[in-house]
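Side-chain atoms are counted along with the backbone in the values below, which use heavy atoms only and exclude waters and symmetry mates.
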Amino acid sequence: MNPLSKTTQLLAGLQWLFFMFANTVVIPLTIGDAFDLSSIEVASALQRSFIFTGAACILQAVFGHRYPLMEGQSGLWWGAILSLSASASAAGISVSELGGGLAVGIILSGILLTILGALGIGNVLRRLFTPVVMSTVFFLLASQLIIIFTKGMLGLTTSDEIHIPTAGLSIFLIVLTVWLNIKGPKAIRNFSILIGIVTGWIIYVLFFPAEAADEHVTTKLFSPFPWGKPTFSVGLIIMAVITGLVNTTNTIASVKGVEPLLRTTTTDKQYRKSFFLTGLNSVVSGIFGMVPYAPYVSSLGFLQSTLIFERLPMIIGAAMFMILGLVPSLSHLFSTLPISVGDAVLFVAYLQLFSGALNNLEGIRFSQKTIYRIAAPVLLGMAIMNIPAEMFGSIPMLVRPLISSGLLMGIILSVVLENTINWSKLEQVKSPKKENARNIG
């Protein structure tokens, strides 16, 4: 593989910056709304997220698993926290009490993950994640992300109806990005994500007038426990520990998924370091009011779209992301990037996750009996994803984040099926010659 030129590395780093930004910016905003945080606290959370995400990516790339995978605020944790905050009033507790209890639970969960990581939990999890489980993860993650991005592309995140101009721009950006990926020369194809986002941003600024936002908001970067004063709740701690353990699936799925792209095999030492750092990041998240971290499986789709697999561009992008968080004026500038533009371009990148799902199934023979090993977890997960969140109100709060997550339930069912049933025995099919001989006899 020829080394990248400095210009290519810089442009690839800028592309990583946009990818990190588009995957991060929505999370602090929705968490701030869920916990009734002030504009100052939300702006502070946004800057902290940029700084810590950049630092987490660099630490993993240099000292952890050492792969070009984004380490960001986990979508699994994000959904669980939003689910709990939405049901806080029904449970008779304030959002500040919930936030304080969650912070303690997240910290303890991070400490536990750090210890388990050092003890080699990766070895156990790696054996549980068979190719079919990996396919289930990719299928369900792609489905979940595509649903989220489609709503953003159509303007449904800010309106109850499809916004035709926004949808039109999104479709144009999808076509442009796909065309660049398929037909563009390699030099351009590698930067299809960057070109799509910059083009969409320029068009949006020119044709979609926006209200003027406050230029500068005073922030409190390192203010501890912004979600609420720490409280000790056994139920929330148990929930946090369970969610933290299940969140380890992100590490296994992303690390195992990147191996065929880089043509490498991950060592036990890399797993230990990766889990240790993810646990440490979770402890920091609990203290400073951020969603706990994990490697992003969606990075695989990004890598497959850009075809740039070196670590250095991601490290450059992560360093830029940290600078973005440290300079308020730059944070404000990037906060004007339309969510619909980022969603449209990432929509194309995440379509690539399906190739990982299909590749993992290569060589596996399915019959009327064995089709259940992939159909049951995938279709169950997708069914749960399409049930409105409020419909889970009758489920106890302790297990609600788990039961209401189609991604989690699908993965758990897949792991159970793969490790309790001897599918290889069921796959054995009698050859036609033997069957005919038996019939003749």
| field | Nearest heavy atoms of Val62 and Arg311, plus distance in Å | value | CA-NH1, 4.3 Å

| query | Do the rings of Trp227 and Phe35 sit parallel, tilted or perpendicular, given the 30° and 60° boundaries? | reply | parallel

| said: Any heavy-atom pair between the side chains of Val416 and Asn419 that's under 4.5 Å? | reply: no

| Can you find a side-chain donor-acceptor pair between Gln60 and Thr278 that sits under 3.5 Å? | yes

| message | Parallel, tilted or perpendicular: which one describes the rings of Tyr271 and Phe275, with boundaries at 30° and 60°? | response | parallel

| query | Is there a donor-acceptor pair closer than 3.5 Å between any side-chain N or O of Ser109 and the backbone N or O of Ala240? | reply | yes

| query | Between Tyr67 and Phe309, does the ring centre distance come in under 6.0 Å? | reply | no

| said: Can you list everything that forms a side chain to side chain donor-acceptor pair (under 3.5 Å) with Thr264? Sequence neighbours excluded, please. | reply: none

| Ser282 and Ser285: side chain donor to acceptor below 3.5 Å | no

| query | Can you check side-chain contact (heavy atoms from CB on, under 4.5 Å) on Phe321 and Thr24, steps first, answer last? | reply | CA-CA 10 Å; Phe321 205 31; Thr24 303; 3.8 Å; yes

| task | State whether a side-chain donor-acceptor pair under 3.5 Å links Gln47 with Ser44. | result | no

| Would you say Phe18 and Trp201 make side-chain contact, with heavy atoms under 4.5 Å? | yes

| query | Do Trp77 and Tyr293 make the cut of ring centroids closer than 6.0 angstrom? | reply | no

| remark: Between Pro28 and Gln73, the two heavy atoms sitting closest are CG-NE2, 4.5 Å

| message | Can you list everything that forms a side-chain contact (heavy atoms from CB on, under 4.5 Å) with Met134? Sequence neighbours excluded, please. | response | Phe129, Phe138, Ala253, Lys256, Asn360

| said: Applying side-chain contact (heavy atoms from CB on, under 4.5 Å) to Leu140 and Met382, what does each step give before you reach the verdict? | reply: CA-CA 7 Å; Leu140 291 178; Met382 293 179 69; 3.9 Å; yes

| query | Stepwise, does the side chain to side chain donor-acceptor pair (under 3.5 Å) test hold for Thr266 with Glu259? | reply | CA-CA 7 Å; Thr266 308; Glu259 289 178 350; 2.7 Å; yes

| message | With a 6.0 Å cut-off (strictly less than), is the heavy-atom count around CZ of Phe225, excluding the residue itself, greater than 12? | response | yes

